[in-house]
Protein chains: 2
Amino acid sequence: MPSRPKVIDIQRIKVACRSCTLHELCLPLGIDGEELERLDRIIRRRRPLERGEHLFRRGTPFRALYAVRSGAIKTYAVDEAGCEQVTGFHLPGELVGLDAIGEGVHPLSARALERTSVCEIPFDQLEPLTAEIPGLRRQLLRLMSREIASDESHFGVLGQKGAEGRLAAFLLSLSRRYAERGFSALEFRLAMSRTDIANYLGLAVETVSRIFTRFQSEGLLRTQRKLVRLLDPARLEAIAGEHAPASRCGRGA
Amino acid sequence: MPSRPKVIDIQRIKVACRSCTLHELCLPLGIDGEELERLDRIIRRRRPLERGEHLFRRGTPFRALYAVRSGAIKTYAVDEAGCEQVTGFHLPGELVGLDAIGEGVHPLSARALERTSVCEIPFDQLEPLTAEIPGLRRQLLRLMSREIASDESHFGVLGQKGAEGRLAAFLLSLSRRYAERGFSALEFRLAMSRTDIANYLGLAVETVSRIFTRFQSEGLLRTQRKLVRLLDPARLEAIAGEHAPASRCGRGA
DNA sequence: CGGCTGCTTGATTACGCTCAAGATTAGTGG
DNA sequence: CCACTAATCTTGAGCGTAATCAAGCAGCCG
């Protein structure tokens with residue numbers, strides 16, 4: 001396909017890892033010089049995904065990891081009944097597809113929540129490169145390990161918190177991640193729908209909507225449509241810390 | 001400590017990776033000959049943990065990964081209020097501690113559910129070894145990736161299933177894992193208490209107990225105390241597949 | 001402007017939690 | 001070996017949180 005080669009070239013230059021603002025969060029952390037160039041050379045930048053477009057679908061063969069550059073990706077599973085389960089939202093600097101290495105097939109589908117550009121990192125080239133670049137090897141392990149740790153902490157949210165605690169924890173998690181990326185921790189735009197949030201948190205849409213309203217009336221935050229402004233993060237933390245139901249805080253054997 | 005050096009030596013010989021029955025599930029998969037010996041040399045076998053004993057505690061520095069050899073380990077977090085959240089159960093052949101690589105500190109505590117022996121794999125020796133042994137490098141990535149994928153599928157259980165579906169899914173997951181290890185898929189001993197199961201599944205103990213009773217009265221299984229025999233795995237699959245509450249099966253953006 | 005999708009609000013229902021007590025089993029020491 | 005204590009598990013009754021059902025409302029697109 002000979003379509004707009006010039007534009008693509010410009011893009012390539014602009015997004016080289018060395019000049020990428022996400023450098024400190026992404027795979028290249030701790031790598032520079034000639035090693036960074038070697039990594040850079042295997043990375044492919046493709047045209048941005050439009051809102052709703054799939055990055056990959058469940059069941060397709062695993063070829064590459066993807067690093068989000070801008071925009072947002074949601075990953076989700078669809079069970080036999082056609083029911084969707086949202087498993088995560090991925091912001092710039094985060095990797096998508098790590099769960100597919102094990103079986104060589106994507107266990108989840110991934111689609112763009114808004115206009116989103118990603119870096120494609122072919123795994124058959126990345127993997128041998130980690131043998132030669134210690135910093136790269138360690139960073140890949142770190143990122144995978146953090147993914148596991150963050151999944152585990154989400155268990156706590158789904159297992160122990162009531163509806164208010166879940167939404168509070170979710171908003172604070174987004175806040176923290178936006179702050180890490182240099183955006184405001186207190187005001188941000190939700191890339192995902194309430195339906196997606198509800199699904200991710202294991203709640204009904206109506207419940208999420210009601211809690212937004214309640215939080216607003218209690219002066220914890222202000223929302224208008226997708227835009228959220230946190231007014232009292234400290235109290236949100238407190239609410240996120242409460243373990244609402246099912247908590248006979250005893251310990252087993 | 002000069003305690004029973006002979007016993008330890010015998011143990012060392014007996015559990016060498018090459019002769020370990022978990023070979024096919026554990027870290028050494030796909031490695032043999034001289035490479036396997038190199039891996040074997042860095043692995044340390046320590047005295048078995050007694051029931052209730054900690055393998056490590058939350059907040060302690062990360063030094064090593066652990067492979068369960070026999071017995072079972074539960075991992076859990078304790079929140080500010082002293083409330084426990086069980087995040088996983090680890091059977092023989094599974095690695096514990098993968099979530100600690102990222103920050104260099106264990107985010108969870110791990111304790112033995114019964115008499116348990118583990119292989120200790122010092123990470124500062126394992127990591128450089130992965131540079132030289134491609135099979136080892138790939139297997140470590142595979143195991144981490146599978147951990148992520150299995151955590152994601154647990155989201156589906158916590159988020160979409162009702163109480164019956166959660167317990168059914170849990171029992172089937174154990175069944176599958178026991179079968180992979182050469183044990184019976186239909187009859188096994190639960191190493192963990194009902195309290196731990198309930199906590200892991202985000203339910204109250206009473207609910208778990210009631211559902212065991214209900215399953216039994218419907219002829220799906222038989223339990224006596226810790227022992228479980230699955231009588232109708234097909235119907236359990238069906239129950240595990242139902243998405244009980246909060247499922248307006250719609251898809252978001 | 002109409003049709004659509006996404007969000008909000010209200011009324012009712014139900015699933016699973018809480019509280020309470022009894023039943024079994026395991027662990028301990030006389 | 002058995003009595004005693006302490007867990008763990010089971011069962012029952014009542015309640016509360018969040019789901020379901022049902023409309024109405026507000027942006028957004030063609």
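Please read these numbers as outputs of a predicted model, since none were measured by experiment.
- Across the protein-nucleic acid pair, A:Leu203 atom CG and D:dT20 atom C1' stand 14 Å apart, rounded to whole Å.
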Secondary-structure string, 5' to 3', Watson-Crick or G-U under 3.5 Å, | for another-strand partners, for DNA chain D: ||||||||.||||||||||||||.|||..|
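- By the 4.0 Å N-to-carboxylate-O rule, B:Glu53 lies too far from B:Arg111 to be salt-bridged with it.
- The CG atom of B:Asn199 sits 14 Å away from the C1' atom of C:dC17 (whole-angstrom rounding).
- Relative ring orientation between B:Tyr200 and B:His154 is described as parallel, the plane-to-plane angle staying below 30° on a 0-90° scale split at 30° and 60°.
- Separating the CE atom of B:Met192 from the P atom of D:dT8 is a distance of 15 Å, rounded to the nearest angstrom.
- Residue B:Lys226 has a polar side-chain atom (N or O) positioned under 4.0 Å from OP1 or OP2 of D:dC9.
- Remark: the backbone N or O of A:Pro92 is paired with a side-chain donor or acceptor of A:Arg181 at under 3.5 angstrom.
- Listed by residue number, B:Arg210, B:Thr213 are the residues of residues 210-221 of chain B with a heavy-atom contact under 4.0 Å to DNA chain D.
- We find that A:Arg210 and A:Glu206 are not joined by a salt bridge, their nearest charged nitrogen and carboxylate oxygen being 4.0 Å or further apart.
- Taking B:Tyr76 as the reference, B:His54 meet the side-chain hydrogen bond (donor to acceptor under 3.5 Å, both in side chains) condition, with sequence neighbours excluded.
- The distance from atom CZ of A:Arg194 to atom P of C:dT5 is 19 Å, rounded to the nearest whole Å.
- In the set D:dT11, C:dT8, C:dC17, D:dT11 carries the atom at the smallest distance from any side-chain atom of B:Ser209.
- Formation of a donor-acceptor pair under 3.5 Å by the A:Asp99 side chain with backbone atoms of B:Glu152 is not found in this model.
- Distance, A:Glu206 CD to D:dA23 P: 14 Å, rounded to whole Å.
- When the P atom of C:dC7 is taken as reference, atom CD of A:Gln224 falls 15 Å away, rounded to whole Å.
- B:Arg189 places no side-chain N or O within 3.5 Å of a backbone atom of B:Lys226 that could act as its donor or acceptor partner.
- Salt-bridge check for A:Lys74 with A:Glu84: passed, with a basic side-chain N closer than 4.0 Å to an acidic carboxylate O.
- In terms of position on DNA chain D, the residue among B:Thr223 and A:Val208 whose nearest nucleotide sits closer to the 5' end is B:Thr223.
- D:dC9 atom C1' lies 16 Å from atom CG of B:Leu227, rounded to whole Å.
- Between the A:Thr75 side chain and the A:Ala110 main chain, no donor and acceptor come within less than 3.5 Å of each other.
- Atom P of nucleotide D:dA18 and atom CD of B:Gln160 are separated by 18 Å, given to the nearest angstrom.
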